[in-house]
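Notes follow once the structure below has been shown.
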Amino acid sequence: MKAALSPADVEYTVSFNVSPAERVRAFTSIGEMNVAELSRAPRAKDDASVGTVVERFMRRVEATPPGDCPLSTQLSLLQAGIAQTCGKCVPCRDGLPQLARLLESVLACEAEEGVLERMRQLAAMIQATSDCAIGYEAANAFLDGMDAFAAEYESHVHEGRCQAGVGQTLPCETLCPAHVNVPAYIALVAEGRCADAVNMVRKDNPFPTACAFVCEHPCEERCRRILIDAPVNIRGIKKYAVDHAPADHIPSLPRSVDTARTVAVVGGGPSGLTCAYFLARMGHRVTVFEAREQLGGMMRYGIPAYRFPRERLDQDIRGLLEAGTITVRCGEEIDAARMRDIAGFYHAVYVAIGAQGGKTLRMEGADAKGVMSAVEMLGRIGDGDYPDFTGKRVVVVGGGNVAMDCARTSVRAGAAEVTVVYRRRKEDMTALPTEVEAAIAEGVEMTVLMAPDSIEVDEEGNCTALVVQPQMIGPVKRGRPAPVAARKPKERIKADVVLIAVGQDVLSAPFEAFGMQTTWGCFNADEMLRAEGMEGVFVGGDCQTGPSTVINAIAAGKVAARNIDEYLGYHHTLDCDIDIPVPVANDRTPTGRVEVEERPARERKLDYRAVEGGMSKEEMLQECRRCLRCDHFGCGVLDEGRVQHD
């Protein structure tokens, strides 16, 4: 046996030779042992190129068309898992392909009886015995899909077909809650026919200007242009149209003859006014009851003017009120007795009172001076009562769009410091990412993973600080990671003003006294928006769904109008008599998306003027050319390939 080597007995010889290919040679001699040369090049030579393929694959997933059979989507996900298996463990290597073959038979409506139970057992085995996430997570996703799409599986196996309603539809038009004909108005804008484009929007949505400024643009989420580069900036194109053809400067769309039927709309926000607009176009006589002094609802009393200037909102409202016989009665609070009178006098009633009450937090000091509801503050601003926070330290509690609106408003109100406190992470905020980034650019500090604990109060009853409990992110609950209290000491954030922006409430008490049913504070209604147990009463918008978006409220008003028309014994159709441009061969050249520019943060934070600019003509034309006209070149030409209501 050889004696052990000491450090002195070992010679170290290392030489480095970096070639143009950046290869490194290292030689170490220990006795008779040699270490082979090393290379910095990837072992799999195509790894770098695969990254590009994966990016394109991700774009294809992002652009998944609405209406696709969910089993087809599940099969695609399963096949991705099969492609990723390393082959080490049998459940993943052999089990996933078996599962895919069974799913293919179900998708083709050729599966035998009992196949669903076999698939479930096989997936459960793969989930329990696979060594790594490639196998067990593929099986886990499959099992979740079997539960989520159980009716679709049963339909394929026992009925030999997809469920009713399954089938690709135009992405932008389908995902717009109001189902606006997006390709048509983009083509009209491209031809310079902005007035026609605005009326094309108003065929389905009487608030083209509001949606040009504040819509969250769900129409862009699965835009087929994503397959090439990025979604078309649909909202930006709409803004170009309303900037060049104000809604109150163009003729109204045609309306039907007078029916002498009367409808009361309780609530003058986006949902109520939308319902009034369509009913008036159908020839019905509408009276709008609004508790506040001006129309607009949360568009006026919840969205700051720098995001949506009041004069632009008024353009939409003036244009809307010209649609037909609409009488407006502002400043009228509706109690139970008044509601009974209204229901007895009018042929039908639509309740759309929104969610205009601000939620509070139950904690010590919540009633101190300087603590206020964010919703109430924004409501006062809607009537021109702007706060003066000059030199004050403002803390906003919450992570939604209302919290960002309050924070950015506080900056403009002269606050010395503005801090947003949120109990989750920044990426978990429900506010639009663009709103969060805009607030940060204007000097708002985001303090995350901090839960409000109490408010410190001085001897005169004024708040002096918000005490917070540090959090750490925990397991996923209801789709996102939930925070849990961290073992850290509480912290103190100095504050002269604390704005609570943690949600909104429906002021439902008078309507409940009238007899309307609620669940968790929201009115009960069926899918046709008929109020539970109330003949001739319909309800929709935020007061029925809970706080949502402007476009969702508009969609509810449109549905309610159609169903009220049917309830009254009619079946009106509403056309816009606009010729849609003939599609031209689409431009498939990858091109950057044009974004609507904002004024510099250092300027815009000093006033309440609109922060957004608009596209130039050249930018508009380039963006319009990016539209692939799926209404003609895609599924839009197929039967049931569109989601439209005449």
Side-chain angles (χ1 to χ4, degrees), residues 62 213-218 220-221 231 235 298 302-304 306-308 355 358-361 363 372-378 393-412 415 417-453 466-486 488 491 493 495 497-505 542 545-552 595-596 598 601 604-605 611-612:
E62 186 180 353
F213 276 87
V214 299
C215 185
E216 296 190 342
H217 44 83
E220 298 178 13
E221 286 180 3
R235 185 176 73 85
M298 294 304 282
I303 299 175
Y306 62 82
R307 284 183 58 205
F308 188 18
K359 288 187 176 181
T360 59
L361 291 174
M363 60 181 177
M372 64 186 79
S373 160
V375 173
E376 292 176 7
M377 185 191 81
L378 293 174
R393 296 165 296 195
V394 178
V395 174
V396 181
V397 179
N401 284 326
V402 172
M404 297 306 124
D405 288 343
C406 283
R408 298 178 68 187
T409 297
S410 298
V411 170
R412 288 161 174 77
E417 298 175 7
V418 181
T419 304
V420 169
V421 172
Y422 187 53
R423 68 192 187 101
R424 300 177 188 266
R425 302 170 302 177
K426 190 176 84 167
E427 55 266 38
D428 299 321
M429 287 181 168
T430 57
L432 289 172
T434 52
E435 288 299 308
V436 176
E437 295 307 316
I440 293 172
E442 292 172 4
V444 176
E445 181 179 352
M446 300 292 162
T447 301
V448 297
L449 289 174
M450 293 287 184
D453 178 81
L466 176 69
V467 178
V468 295
Q469 172 62 55
Q471 306 285 294
M472 63 176 285
I473 207 64
V476 173
K477 294 181 180 179
R478 293 191 291 273
R480 58 177 179 166
V484 295
K488 297 178 180 178
E491 297 183 18
I493 302 174
V497 175
V498 176
L499 300 174
I500 308 297
V502 294
Q504 297 159 245
D505 277 329
D542 288 4
T545 62
S548 188
T549 61
V550 169
I551 188 60
N552 279 326
E595 299 290 356
V596 176
E598 294 188 340
R604 69 182 190 235
K605 69 180 185 179
V611 298
E612 278 194 336

First locate atom CZ of R480, then atom CG of D428, and finally report the distance between them rounded to the nearest 0.5 Å. 6.5 Å
If the condition is ring pair (Phe, Tyr, Trp, His ring centres under 6.0 Å), which residues does Y422 pass it with, not counting sequence neighbours? none
side-chain contact (heavy atoms from CB on, under 4.5 Å) partners for M298, two or more places apart: Q356, V375, Q504
Looking at every heavy atom in both P304 and G302, which two are closest together, and how far apart are they? CD-O, 3.8 Å
Output a table of donor-acceptor pairs, distance under 3.5 Å, between side-chain atoms of residues 396-406 and any protein atom two or more places apart or on a different chain; print 'none' if there are none.
residue	atom	partner	partner atom	Å
N401	OD1	L432	N	2.9
N401	ND2	E216	OE2	3.1
D405	OD1	R307	NH1	3.0
D405	OD2	R307	NH1	3.1

Atom pair CE (M372) and OG1 (T360), whose distance is rounded to the nearest 0.5 Å: 14.5 Å
Got a second to check how far H217's NE2 is from T549's OG1, nearest 0.5 Å? 11.5 Å
At what distance, to the nearest 0.5 angstrom, does NZ of K605 lie from OG1 of T409? 14.5 Å
pair M363-P452: side-chain heavy atoms closer than 4.5 Å: yes
Side chains of M472 and V484, heavy atoms from C-beta outward: is any pair under 4.5 Å? yes
If you compare all heavy atoms of M446 against all heavy atoms of A439, which two are closest, and at what distance to 0.1 Å? CE-CB, 3.8 Å
Partner of T419 under side chain to side chain contact (heavy atoms under 4.5 Å, CB included), chosen from V394, T447, V444: T447
Any chance you could measure D505, atom CG, to D542, atom CG, to the nearest 0.5 Å? 12.0 Å
Residues two or more places apart in sequence or in another chain: which of them pass side-chain contact (heavy atoms from CB on, under 4.5 Å) with K426? M429, V436, E437, I440, V448
Please report the interatomic distance SG(C215) to CD(E220), rounded to the nearest 0.5 Å. 8.5 Å
If you look at every heavy atom in P547 and A355, which pair is closest and at what distance? CG-CB, 4.1 Å
Among residues at least two apart in sequence or on other chains, which ones pass side-chain contact (heavy atoms from CB on, under 4.5 Å) with R604? R408, R412, A438, A441, E442, E598, R599, A601, V611
So which pairs with a foot in residues 470-479 pass salt bridge (Lys or Arg N to Asp or Glu O under 4.0 Å), sequence neighbours left out? none
Here the pair of heavy atoms bringing V214 nearest to V550 is CG2-CG2, 4.3 Å
Within a strict 4.5 Å, meaning less than it, do heavy atoms of the R425 and P481 side chains meet? yes
Do you know the tightest heavy-atom contact between V468 and M450? CG2-SD, 3.6 Å
For the student: nearest non-hydrogen atoms of V395 and L466, plus distance: CG1-CD2, 3.7 Å
Side chains of I473 and L449, heavy atoms from C-beta outward: is any pair under 4.5 Å? yes
For the side chain of R235 and the backbone of F213, is there at least one donor-acceptor N/O pair under 3.5 Å apart? yes
